There are 2 protein chains.
Amino acid sequence: MSARDKAISSTLGYALLGLLAREERSGYDLTQALKNPVGYFWFAQHSQVYPELARLETAGLVAHTLIEQADRPDKKVYRLTDMGRAALSAWLNADTELPRKRDELVLKAYSIWLADPAAAARMMREHAQTHAAHLAEFQSGLSNLEGEAGAALWQPDSPWFGVHAVLRRGIGYEREYSEWCEWLAQCLEGTEKGSP
Amino acid sequence: MSARDKAISSTLGYALLGLLAREERSGYDLTQALKNPVGYFWFAQHSQVYPELARLETAGLVAHTLIEQADRPDKKVYRLTDMGRAALSAWLNADTELPRKRDELVLKAYSIWLADPAAAARMMREHAQTHAAHLAEFQSGLSNLEGEAGAALWQPDSPWFGVHAVLRRGIGYEREYSEWCEWLAQCLEGTEKGSP
DNA sequence: TCGCCCATGTAAGCCGTTACATGATTTA
DNA sequence: TAAATCATGTAACGGCTTACATGGGCGA
């Protein structure tokens with residue numbers, strides 16, 4: 001097991017296994033999938049995906065079939081093996097370390113007393129809008145999901161439930177972030193909000 | 001300017017400048033400071049701090065004085081130069097890229113339909129408690145700050161305002177995170193919450 | 001025709017973590 | 001006696017980003 005564990009270098013491996021647990025995909029498809037809902041909380045470039053897939057295959061956690069295509073480049077479609085599914089389960093049960101956050105905007109907020117208040121307020125308003133836009137995307141994503149998945153959205157053994165959970169997190173995160181930006185902007189403009 | 005910009009390799013440099021804008025500190029002190037409130041959204045080890053300080057000094061953004069101590073090791077106390085303050089201001093006005101989030105727990109949530117619901121619920125409850133504990137810390141941090149800073153907390157040109165802003169962000173973040181964990185735990189236990 | 005989509009890879013370099021290295025003083 | 005605090009560095013390694021490399025089909 002110790003030799004096998006080393007096969008999965010980083011968390012990215014489990015991200016890929018989690019995607020393959022739902023359906024077979026090529027490296028290209030996996031890279032695309034790492035943008036929508038999963039990708040809101042884990043991201044990777046294709047240059048990271050292809051080598052990782054090779055490592056996973058060496059470890060016996062995934063296997064691929066070459067699909068020859070006429071009008072497009074050939075592709076390798078990967079699927080999860082039994083060992084891969086077991087590895088994914090083991091990871092799910094293992095302890096999860098807290099993520100260390102690195103957020104440049106919050107870091108700027110720490111030094112915002114040195115900035116021009118009006119300009120800073122404008123900046124925070126822009127970010128509030130950006131996060132509000134993300135929020136709206138997630139919310140419409142959830143709406144679509146309700147249409148597609150129906151009651152399965154609430155069944156803990158349904159793959160839709162996983163998407164649901166991630167979307168809810170995204171919604172909460174973006175809402176909070178947007179509100180914080182708005183709050184800061186108002187403070188900077190002198191129209192304080194919130195009790196002292 | 002282009003040659004000068006290269007002096008600050010990463011965001012860490014600005015984090016250090018932001019700390020030094022408040023008071024002079026040694027590399028050791030800076031590393032410690034990168035744990036409380038700033039450090040909730042930016043972190044670094046001392047092995048990263050010392051070389052970065054050297055780079056900042058070469059660029060003329062900080063300067064140091066050697067303080068000889070009898071019962072403790074000598075130390076270099078760094079202070080911000082005028083150029084450093086200007087660089088910090090320029091950074092504050094510059095565009096801020098959105099942080100790409102990487103959160104292993106949310107990634108697990110995506111695959112949680114493959115896990116044992118009871119065990120998964122227990123895990124989410126634990127994380128809910130962890131984040132609730134962080135929330136409580138931030139809230140008491142804000143209380144203390146109110147005692148220390150008073151009205152300055154709400155003055156956009158006061159250094160306390162920066163701490164205030166970061167703490168508010170931490171409070172919102174941890175509250176939302178904790179609530180999400182709790183929501184997920186309840187879903188997994190079958191006692192659904194929230195309208196379908 | 002210019003650029004995007006599909007599709008898979010390799011290579012260079014940076015940022016950050018962990019570990020190595022040293023050493024006196026205080027506290028449990 | 002063991003461990004933590006203060007204090008400053010260097011070195012190895014790994015993950016991630018950016019860029020290099022190739023190439024046909026399709027839409028604006």
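Just so we're on the same page: letters track the sequence lines, and every chain starts at 1. Predicted, not measured: the structure shown is a model, and the values here were computed from it.
Distance from the side chain of A:Y50 is smallest for C:dG9 among the nucleotides C:dG9, D:dT18, C:dT18. Listed nucleotides D:dA7, D:dA19, D:dT18 differ in distance to B:Y28; the shortest reach to its side chain belongs to D:dA7.
Taking B:E57 as the reference, nothing meets the salt bridge (Lys or Arg N to Asp or Glu O under 4.0 Å) condition, with sequence neighbours excluded. Under the ring pair (Phe, Tyr, Trp, His ring centres under 6.0 Å) criterion, B:Y78 pairs with B:H64, sequence neighbours left out. Listed by chain and residue number, A:Y28, A:K35 satisfy the side-chain contact (heavy atoms from CB on, under 4.5 Å) test with A:Q32 (two or more places apart in sequence, or in another chain). Residues satisfying the side-chain contact (heavy atoms from CB on, under 4.5 Å) test with A:R85, not counting sequence neighbours, are A:L80, B:L114. Qualifying side-chain contact (heavy atoms from CB on, under 4.5 Å) partners for A:E148, counting only residues two or more places apart in sequence or in other chains: A:W160. Qualifying salt bridge (Lys or Arg N to Asp or Glu O under 4.0 Å) partners for A:R25, counting only residues two or more places apart in sequence or in other chains: A:E23.
Rounded to whole Å, the distance from CD on A:E52 to C1' on C:dT10 is 16 Å. Here the P atom of nucleotide D:dT8 and the CD atom of B:E57 are 12 Å apart, to the nearest Å. We find that NE2 of A:H64 is positioned 15 Å from P of C:dA7, with the value rounded to whole Å. Atom CZ in A:R25 sits roughly 18 Å away from atom C1' in C:dT8 (whole-Å rounding). Distance B:Q45 CD to D:dA12 P: 19 Å, rounded to the nearest Å. At whole-Å resolution of the value, CG in A:L16 and C1' in D:dG15 are 14 Å apart. Going from atom CD1 of B:I67 over to atom C1' of D:dA7 covers 13 Å, rounded to whole Å. Nucleotide D:dC6 holds its P atom 14 Å from the CG atom of B:L30, rounded to whole Å.
An OP1 or OP2 oxygen of D:dG15 is reached within less than 4.0 angstrom by no side-chain nitrogen or oxygen of A:Q48. Side-chain nitrogen and oxygen atoms of B:S26 include at least one within less than 4.0 Å of the OP1 or OP2 phosphate oxygen of D:dT8.
Only A:R100, A:R102, listed by number, bring a heavy atom of residues 93-103 of chain A to less than 4.0 angstrom from any atom of DNA chain C. Near DNA chain C, meaning a heavy atom under 4.0 Å from it, residues 68-80 of chain A has A:Q69, A:R72, A:P73, A:D74, A:K75, A:K76 in order of number.
Sorted by first and then second residue, the side-chain hydrogen bond (donor to acceptor under 3.5 Å, both in side chains) pairs involving residues 37-49 of chain B (not counting sequence neighbours) are B:N36-B:Y40.
The hydrophobic cluster containing A:I67, built from Ile/Leu/Val/Met/Phe/Trp/Tyr side-chain heavy atoms closer than 4.5 Å, also comprises A:V77.
One N or O on the side chain of A:S140 and one on the backbone of A:E137 form a donor-acceptor pair closer than 3.5 Å.
For C:dT18, its base sits under 3.5 Å from the side chain of B:S47 at one donor and acceptor pair at least.
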Which atom pairs, one a donor and one an acceptor, fall under 3.5 Å between side chains of residues 99-108 of chain A and the rest of the protein, sequence neighbours left out?
{"unit_1": "A:R102", "atom_1": "NE", "unit_2": "B:F43", "atom_2": "O", "d": "3.4"}
{"unit_1": "A:R102", "atom_1": "NH2", "unit_2": "B:F43", "atom_2": "O", "d": "2.5"}
{"unit_1": "A:D103", "atom_1": "OD1", "unit_2": "A:L105", "atom_2": "N", "d": "3.0"}
{"unit_1": "A:D103", "atom_1": "OD1", "unit_2": "A:V106", "atom_2": "N", "d": "3.4"}
{"unit_1": "A:D103", "atom_1": "OD1", "unit_2": "A:Y177", "atom_2": "OH", "d": "3.0"}
{"unit_1": "A:D103", "atom_1": "OD2", "unit_2": "A:Y177", "atom_2": "OH", "d": "2.7"}
{"unit_1": "A:E104", "atom_1": "OE2", "unit_2": "B:W91", "atom_2": "NE1", "d": "2.8"}
{"unit_1": "A:K108", "atom_1": "NZ", "unit_2": "B:W91", "atom_2": "O", "d": "2.8"}
{"unit_1": "A:K108", "atom_1": "NZ", "unit_2": "B:A94", "atom_2": "O", "d": "2.8"}
{"unit_1": "A:K108", "atom_1": "NZ", "unit_2": "B:T96", "atom_2": "OG1", "d": "2.8"}

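Both B:H46 and A:A44 lie near DNA chain D, and the one whose nearest nucleotide falls closer to the 5' end is B:H46.
Below 30°, between 30° and 60°, or above 60°: for B:W154 and A:W183 the angle between ring planes is above 60°, a perpendicular geometry.
Within the 4.5 Å cutoff, the side chain of A:R55 has heavy atoms near those of the A:E52 side chain.
Relative to the axis of its first five pairs, the axis of the last five pairs of the helix from C:dT1-D:dA28 to C:dA28-D:dT1 sits at 40°, rounded to 10 degrees.
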